[in-house]
Amino acid sequence: MKVLKFGGTSVGSAQRMKDVAKLITDGEKKIVVLSAMSGTTNTLVEISEYLYQKNPEGANEIINTLEAKYKHHINELFETEAYKQQTQEFVKSVFDYIRSYTKDIFTLFEEKVILAQGEIMSTNMVTNYLQEQGVKAVLIPALEFMRTDKNSEPDLTYIGEKLQVQLEANPDADIYITQGFICRNAYGEIDNLQRGGSDYTASLIGAAIHASEIQIWTDIDGMHDNDPRIVDHTSPVRQLHFEEAAELAYFGAKILHPTCVQPAKYANIPVRLLNTMEPSAPGTLISNDTEKGKIKAVAAKDNITAIKIKSSRMLLAHGFLRKVFEIFESYQTPIDMVCTSEVGVSMSIDNTKHLHEIVDDLKKYGTVTVDHDMCIICVVGDLEWENVGFETKALDAMRNIPVRMISFGGSNYNISFLVRESDKKAALQALSDELFHQR
Ligand code: ADP
Ligand code: ASP
Ligand code: MG
């Protein structure tokens with residue numbers, strides 16, 4: 001069985017919900033994970049902010065506006081009065097429930113309950129719509145099986161067992177609809193898997209039922225962001241290894257977050273990224289397969305700062321790198337690239353909030369140089385060290401571009417170059433020409 005997840009924009013209007021319904025009714029049994037309608041979770045966060053600030057009037061105004069939107073969507077979605085009325089009543093009960101939280105003390109606990117309502121409404125609407133259309137669809141509530149343990153990690157054994165109970169209770173259903181994002185914690189309280197967590201739900205369900213494939217459907221704008229092609233004229237990326245996808249996640253922050261696909265990766269279940277606006281396109285398949293000897297994508301990230309610390313004390317010393325890294329850690333600043341020599345180390349960071357303090361502290365250990373407005377260019381593909389030739393090709397492409405750092409060997413899937421931001425375009429073009437067009 002496959003698991004299909006549709007994001008907020010893909011269920012963002014009555015029409016979009018109808019499109020999703022068409023897409024999923026192909027006679028194949030499946031589990032469908034839905035996000036809240038786009039904008040809803042953000043609005044629920046805003047409502048919570050008013051309630052934290054003890055402003056129930058502000059909260060109520062937003063609640064009323066959101067409720068009016070839902071009424072409108074429901075009127076557009078259904079053809080028959082009975083289904084329309086049934087869904088209106090359900091959604092009204094949800095908004096009344098949200099309103100009941102405006103009267104009393106408001107804590108993290110209440111906020112989690114409010115944030116859960118977006119997915120609870122979208123799944124109710126789509127399930128009712130499918131049933132109206134005569135499809136054998138059932139809603140299996142995520143709060144009955146999706147659970148985290150005392151360390152706030154998903155409890156896979158519990159999830160697997162309880163999900164099975166839900167599926168077995170509805171053997172005749174063709175489509176099982178469930179909520180992404182929401183869960184219960186170890187104490188049975190309503191909780192969530194963090195913003196954007198619907199992808200995580202799909203991955204966890206896929207792993208729990210040993211799905212044949214997990215499909216992450218998103219809309220065309222989302223897909224554009226998911227598309228690792230930063231360079232023009234390269235062909236779309238059809239297949240990625242989980243690790244290649246993880247490398248690219250840093251660049252196109254909107255590609256699936258590596259922690260979200262971890263359950264799928266461990267269970268060896270392929271994840272396919274698909275576009276709701278172009279459903280027949282093959283999308284991108286992420287799996288544990290490596291396409292031998294193939295370079296997949298070239299990606300870039302701007303606003304990088306390089307810091308070099310040079311010290312003759314580093315020669316043959318131990319503990320030098322630890323001291324240097326501890327300074328970054330104390331300012332909660334992640335280091336991205338690292339290159340070392342016997343007497344110096346260069347690092348890149350993209351968060352410069354504490355740059356001044358970091359540089360000051362580093363001066364205890366050596367001479368410090370900072371280069372601003374740099375850019376990481378990353379080549380992703382099968383770059384296993386025993387393959388010969390690829391490093392040379394990449395380096396050759398960069399022959400006319402001043403390169404500040406090179407990082408290779410950190411993983412089997414990446415070579416990164418640090419160049420000036422002003423050289424980014426030329427570097428991307430040169431790499432694209434060399435790696436994709438001369439074979
Ligand atoms: P999709 O990924 O298909 O766009 P999602 O349902 O996964 O849809 O996300 C819905 C929306 O939630 C996103 O478009 C974005 O506005 C918001 N969102 C997702 N992840 C985060 C996050 N980590 N922090 C804040 N907002 C987020
Ligand atoms: N609706 C939640 C959010 O907007 C979860 C998700 O869509 O993935 O963050
Ligand atoms: Mg998302």
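Count residues from 1 along the sequence. Indexing begins at 1, ligand by ligand and atom by atom, following the structure's order.
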Enquirer: For ligand 2, which is the ligand I care about here, please tell me if G196 has any N or O atom under 3.5 Å from one of the ligand's N or O atoms.
Expert: yes
Enquirer: For atom OH of Y266, decide whether the heavy atoms of other residues, nucleotides or ligands shown that lie under 6.0 angstrom number more than 12.
Expert: no
Enquirer: Indicate whether the side chain of N192 and that of R184 have a donor and an acceptor atom separated by less than 3.5 Å.
Expert: no
Enquirer: Taking only heavy atoms of S198, which atoms of ligand 2 are found under 4.0 Å from at least one of them?
Expert: 5 (C), 6 (C), 7 (O), 8 (O)
Enquirer: Using a plain distance cutoff, I'd like to know if K5 has any nitrogen or oxygen under 3.5 Å from a nitrogen or oxygen of ligand 2.
Expert: no
Enquirer: Using a 3.5 Å cut-off on N or O atoms only, is D199 in polar contact with ligand 2?
Expert: no
Enquirer: Indicate the atoms forming the closest heavy-atom contact of N42 with R195, along with that distance.
Expert: OD1-NH2, 2.8 Å
Enquirer: Does ligand 2 have an atom that lies less than 4.0 angstrom from a heavy atom of G197?
Expert: yes
Enquirer: Is the closest side-chain donor-acceptor distance between N128 and T87 under 3.5 Å?
Expert: yes
Enquirer: Which of the numbered atoms in ligand 2 are under 4.0 angstrom from any heavy atom belonging to S35?
Expert: 6 (C), 7 (O), 8 (O)
Enquirer: So is Q194 in contact with ligand 2, going by heavy-atom distances below 4.0 Å?
Expert: no
Enquirer: Please determine, by modelled atom types, if E119 and S122 share a side-chain donor-acceptor pair under 3.5 angstrom.
Expert: no
Enquirer: Could you tell me which atoms of ligand 2, counted from 1 in the order shown, lie closer than 4.0 angstrom to a heavy atom of R195?
Expert: 3 (C), 4 (O), 9 (O)
Enquirer: Between P141 and Q166, which heavy-atom pair has the shortest distance, and what is it?
Expert: CD-OE1, 3.6 Å
